[in-house]
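Quick note: numbers below take in every heavy atom, side chains included, and nothing from hydrogens, waters or symmetry partners.
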Amino acid sequence: MVVVVLSWIYYFFLCGTIGIGIEKLLAKALKRTWKFQAIDYVVTGIVGITIYAAFASIVYKVGAVVHLALLAAAILSVIGCRKEIKELLPKAQKLIFSWEGFFFFCFILLIAFFTSRGKFHTDTNIYHAQNIRLYEEYGIIKGMANLQLHYGYNSLYLAFAAVMSLAWLLPWSLHTTTGFVEVVLCLYALHHLKTFKEHKKHLEDAGCIAILFYTLVNVTGSMSPATDYPTMFLTIYMISVWLRAIEERAHYSVYALLSVFAVFLGTMKLSAIAMAAVVIYPAYFLLKEKKWKEIGIYLGLGVFILAPYLIRNVILTGWLIYPFEAIDLFDVEWKIPLEYLLVDAYQIKVWGRCLFDIKLIDMPIREWLPIWWDSQARFAKMLLGGNVLGLILAGFNLMYKWIRKIEIRVELAVLYLGLIASAMVWFLMAPFIRYGLAFLLVIPLLGMANWFDYEKKGFQSIATGALVLGIFVCLSPYADNYVTDAGVFVKQRLKEPYYGVQKDYDYGSTGSLEIKGNTIYYNDYKKEEGERNSYHYFPNTAYQFMLNRSELISNDIKDGFVPK
């Protein structure tokens with residue numbers, strides 16, 4: 001736990017200072033000033049550091065040189081943003097030396113407990129940890145997905161995890177970034193909700209409650225550098241800031257920045273890219289006012305964020321977007337064969353639909369939907385029911401405001417468009433609950449929050465009040481299930497010896513082969529361990545049959561893998 005907390009303090013310095021520097025540069029380039037909170041600087045820093053590490057990985061390993069250059073940039077940012085930092089320090093000092101600060105300290109220790117121990121996410125043992133090792137050892141290797149298709153799931157979050165792992169400095173590789181994202185967003189949510197009763201509007205409150213709810217669901221996985229968790233956390237953060245902007249009647253430039261941020265979410269998990277639909281709101285004003293320079297800057301930022309993601313896709317798989325066969329632009333020797341890509345894409349879909357057989361990929365929705373529904377736990381079904389009620393409530397709210405001639409905020413309608421689009425993409429592509437939990441939590445909570453913000457009378461009061469009660473009933477079993485999980489986790493793991501140093505990545509039964517003088521490892525499968533691609537052996541594949549159908553381009557691993 002001690003090492004976990006120390007790493008978070010260091011991450012906060014890096015992300016905060018880099019974020020302040022980026023925001024200052026954007027303000028100068030766009031000739032605008034914004035009212036930012038400390039959380040916004042930290043999240044901006046996370047984005048900047050992630051994209052930096054992803055670009056660096058294309059030409060060099062993400063190790064000492066890359067990290068020290070990042071540290072130098074942070075120090076330069078401190079020097080260049082002295083004024084902004086001096087304005088923040090008194091507020092931070094006042095907060096730290098208060099009862100709220102004491103509560104936050106206790107909360108940080110609690111999350112550090114969860115981040116220091118536990119079980120790794122299944123996919124972390126299959127490919128997350130090994131992908132981080134790839135960043136640390138080589139940066140990138142051509143055709144790496146031929147060794148195991150999961151290397152093609154190119155989440156840039158793992159670039160952030162790698163640059164922050166300090167594996168080049170420490171005798172182990174830190175994996176505390178998920179807990180860091182979690183604790184930073186929770187502190188923001190708790191600080192905001194402290195004055196809940198004083199808020200005239202409760203839209204941003206809905207986002208903050210969703211952050212805490214999502215934390216409850218996934219707190220036992222805080223140790224794992226799983227790509228789902230930070231993607232969902234930052235998606236809810238983006239929604240929260242959008243709602244804050246609505247309450248503050250912010251300039252459309254704030255929404256433009258958030259639209260660029262939505263593009264970043266897609267590089268962390270492709271399924272989150274539909275949130276970028278919200279760009280239609282700021283785009284309307286930018287085009288109407290002919291702000292061509294600003295349009296160019298925002299488009300440039302979006303392209304800049306997408307560039308390392310797309311370049312890495314091509315180098316790892318030979319495809320621009322993997323596993324998506326519709327865009328077939330490249331004919332390189334390391335390209336993943338189409339038949340392998342399709343099997344991988346089909347597996348993602350049928351597993352999400354609880355069919356577990358790629359032969360059923362063309363099953364009509366009317367047939368697989370009942371199977372999928374029956375496979376969901378009771379509390380998950382209740383959550384889905386809460387979403388139906390949340391959308392009905394949103395419709396009631398809209399209709400009532402229209403009839404009573406109460407202002408209807410277009411920004412809120414556009415956000416709902418992004419949420420519904422994201423939920424539809426999630427449902428049609430791979431409807432695992434955890435893949436779409438950000439949207440599934442926000443939709444009902446946002447309906448409730450919007451309900452609080454205007455006066456109801458007569459039938460409207462009775463009907464919408466019943467919906468709010470129904471949503472509360474639907475969400476309660478979901479919360480109760482994970483409160484129990486968290487309590488059991490604490491009880492079972494109090495005696496584990498991780499109060500100093502965090503638990504290391506798992507080992508597993510590993511075999512090896514010599515290929516052209518290089519040692520390649522594979523999972524020597526044992527049922528009690530399951531599929532495991534150990535961080536401690538590199539390069540490694542969780543599936544020996546994939547090793548048997550690929551080969552090295554040359555006698556050096558760094559030159560890459562090709563299909564046989």
Practice task
Kindly say whether F432 contributes a backbone atom to a donor-acceptor pair with the side chain of W426 at under 3.5 angstrom?
Solution key: yes
Problem - N450 side-chain N/O to G447 backbone N/O, donor-acceptor pair under 3.5 Å - result: no
Practice task
State the CG-CG distance between L391 and L446, to the nearest 0.5 angstrom.
Solution key: 10.0 Å
Problem - Side chain proximity check, R353 to P431, heavy atoms < 4.5 angstrom - result: yes
Exercise for the section: Using the side chain to side chain contact (heavy atoms under 4.5 Å, CB included) rule, take I20 and L88 through it: C-alpha gap first, then chi angles, then the decisive distance, then the call. Expected result: CA-CA 11 Å; I20 290 174; L88 289 172; 3.9 Å; yes
Problem - L383 vs L475 side-chain heavy atoms within contact, under 4.5 Å - result: yes
Fill in the blank from the handout: So CZ of F55 and CG of L156: to nearest 0.5 Å the spacing works out to 9.5 Å
Practice task
Could you tell me whether a side-chain N or O of T317 sits under 3.5 Å from a main-chain N or O of V314, the two making a donor and an acceptor?
Solution key: no
Enumerate, atom names and distances included, each donor-acceptor pair closer than 3.5 Å involving a side-chain atom of residues 251-258, sequence neighbours excluded.
{"residue": "H251", "atom": "ND1", "partner": "S253", "partner atom": "N", "Å": "3.0"}
{"residue": "H251", "atom": "ND1", "partner": "S253", "partner atom": "OG", "Å": "3.2"}
{"residue": "H251", "atom": "NE2", "partner": "R32", "partner atom": "NH1", "Å": "3.4"}
{"residue": "Y252", "atom": "OH", "partner": "E289", "partner atom": "OE1", "Å": "2.8"}
{"residue": "S253", "atom": "OG", "partner": "W34", "partner atom": "NE1", "Å": "2.9"}
{"residue": "Y255", "atom": "OH", "partner": "A245", "partner atom": "O", "Å": "3.3"}
{"residue": "Y255", "atom": "OH", "partner": "I246", "partner atom": "N", "Å": "3.2"}

Practice task
Could you give me the CA-CA distance, side-chain angles and deciding distance for H128 and Y229, then say whether ring pair (Phe, Tyr, Trp, His ring centres under 6.0 Å) is met?
Solution key: CA-CA 12 Å; H128 297 153; Y229 302 159; 8.7 Å; no
Handout entry: Side-chain donor/acceptor of Q376 to backbone N/O of W372, under 3.5 Å
Key = yes
Practice task
Mark yes or no for whether W242, through its side chain, and E411, through its backbone, hold a donor-acceptor pair below 3.5 Å.
Solution key: yes
Handout entry: Flag side-chain contact, heavy atom, 4.5 Å: Y498 against V4
Key = no
Practice task
Cation-pi check, K269 to Y157: give yes when NZ or CZ is under 6.0 Å from the six-membered ring centre and within 45° of the ring axis, no otherwise.
Solution key: no
Problem - Closest heavy-atom pair and its distance - Y478, A380 - result: CE1-CA, 4.0 Å
Fill in the blank from the handout: The reported gap from CE in M223 to OG1 in T124 (rounded to nearest 0.5 angstrom) is 8.5 Å
Exercise for the section: Determine, step by step, whether Q130 and Y151 satisfy the side-chain hydrogen bond (donor to acceptor under 3.5 Å, both in side chains) criterion, reporting the C-alpha distance in whole Å, the side-chain angles of both residues, the deciding distance to 0.1 Å, and the verdict. Expected result: CA-CA 8 Å; Q130 189 70 187; Y151 284 109; 3.2 Å; yes
Exercise for the section: Inspect the surroundings of CZ in F107 and state if more than 12 heavy atoms from other residues, nucleotides or ligands are less than 6.0 Å away. Expected result: yes
Practice task
Return yes if some donor-acceptor pair links the side-chain N/O of S165 with the main-chain N/O of A162 below 3.5 Å, else return no.
Solution key: yes
Practice task
Could you tell me the separation between the CG atom of L301 and the CG atom of L26, rounded to the nearest 0.5 Å?
Solution key: 6.0 Å
Practice task
Using atom types as modelled and distance alone, determine if a side-chain donor or acceptor of Y482 lies under 3.5 Å from a backbone N or O of T220.
Solution key: no
Problem - Trace of the side chain to side chain contact (heavy atoms under 4.5 Å, CB included) decision for N218 with D228 - result: CA-CA 10 Å; N218 292 293; D228 295 335; over 6 Å; no
Problem - side chain to side chain contact (heavy atoms under 4.5 Å, CB included) between F180 and C15, intermediate numbers included - result: CA-CA 11 Å; F180 172 70; C15 295; 3.9 Å; yes
Problem - CE/M429: more than 12 non-hydrogen atoms of other groups inside 6.0 Å - result: no
Practice task
Supply the atom-to-atom distance Y309 OH to N154 CG, rounded to the nearest 0.5 angstrom.
Solution key: 6.0 Å
Practice task
Could you tell me whether a side-chain N or O of E136 sits under 3.5 Å from a main-chain N or O of A167, the two making a donor and an acceptor?
Solution key: no
Handout entry: Shortest non-hydrogen separation from F233 to I211 and the atoms involved
Key = CE2-O, 3.9 Å
Completion exercise
Closest non-hydrogen atoms of A54 and A159, given as atom of the first, atom of the second and distance, are N-CB, 3.9 Å
Exercise for the section: Decide if atom CZ of F36 counts as having more than 12 heavy atoms of other residues, nucleotides or ligands within a radius under 6.0 Å. Expected result: yes
Practice task
Please round to the nearest 0.5 Å and tell me the distance separating atom CD1 of I49 and atom CD1 of I22.
Solution key: 7.5 Å
Exercise for the section: Taking all heavy atoms of A206 and all of L445, pick out the closest pair and write down the distance. Expected result: CB-O, 3.7 Å
Exercise for the section: Using a 4.5 Å cut-off on heavy atoms from C-beta on, say whether the side chain of L193 contacts that of F196. Expected result: yes
Exercise for the section: Might you work through the side-chain hydrogen bond (donor to acceptor under 3.5 Å, both in side chains) test for D40 and Y237, ending with a clear yes or no? Expected result: CA-CA 9 Å; D40 303 323; Y237 161 80; 2.6 Å; yes
Practice task
Look at atom NZ of K381 and say whether more than 12 heavy atoms of other residues, nucleotides or ligands are closer to it than 6.0 Å.
Solution key: yes
Practice task
Would you sort out whether V78 and F13 count as a side chain to side chain contact (heavy atoms under 4.5 Å, CB included), showing the intermediate values?
Solution key: CA-CA 10 Å; V78 170; F13 164 75; 4.0 Å; yes
Fill in the blank from the handout: Closest heavy-atom pair, D123 versus H121, reported as atoms and distance to 0.1 Å, is N-ND1, 2.9 Å
Handout entry: Side-chain touch V43/F261, heavy atoms, less than 4.5 angstrom
Key = yes
Problem - Closest non-hydrogen atom pair between R117 and K503, with its separation - result: CA-CB, 4.3 Å
Exercise for the section: Ignoring hydrogens and angles, tell me if any N or O in the side chain of E23 forms a donor-acceptor pair with the backbone of Y41 under 3.5 Å. Expected result: no
Problem - Mutual orientation of the aromatic rings belonging to Y505 and Y535 [parallel < 30°, tilted 30-60°, perpendicular > 60°] - result: parallel
Exercise for the section: Could you check if a side-chain atom of M164 sits within less than 4.5 angstrom of a side-chain atom of L174, using non-hydrogen atoms only? Expected result: no
Handout entry: Residue pair I39 / H191, side-chain heavy-atom distance below 4.5 Å
Key = no
Exercise for the section: Measure the acute angle between the ring planes of H150 and Y153, then classify it against the limits of 30° and 60° as parallel, tilted or perpendicular. Expected result: perpendicular
Handout entry: Side-chain touch I239/M275, heavy atoms, less than 4.5 angstrom
Key = yes
Practice task
Using atom types as modelled and distance alone, determine if a side-chain donor or acceptor of Q502 lies under 3.5 Å from a backbone N or O of V3.
Solution key: no
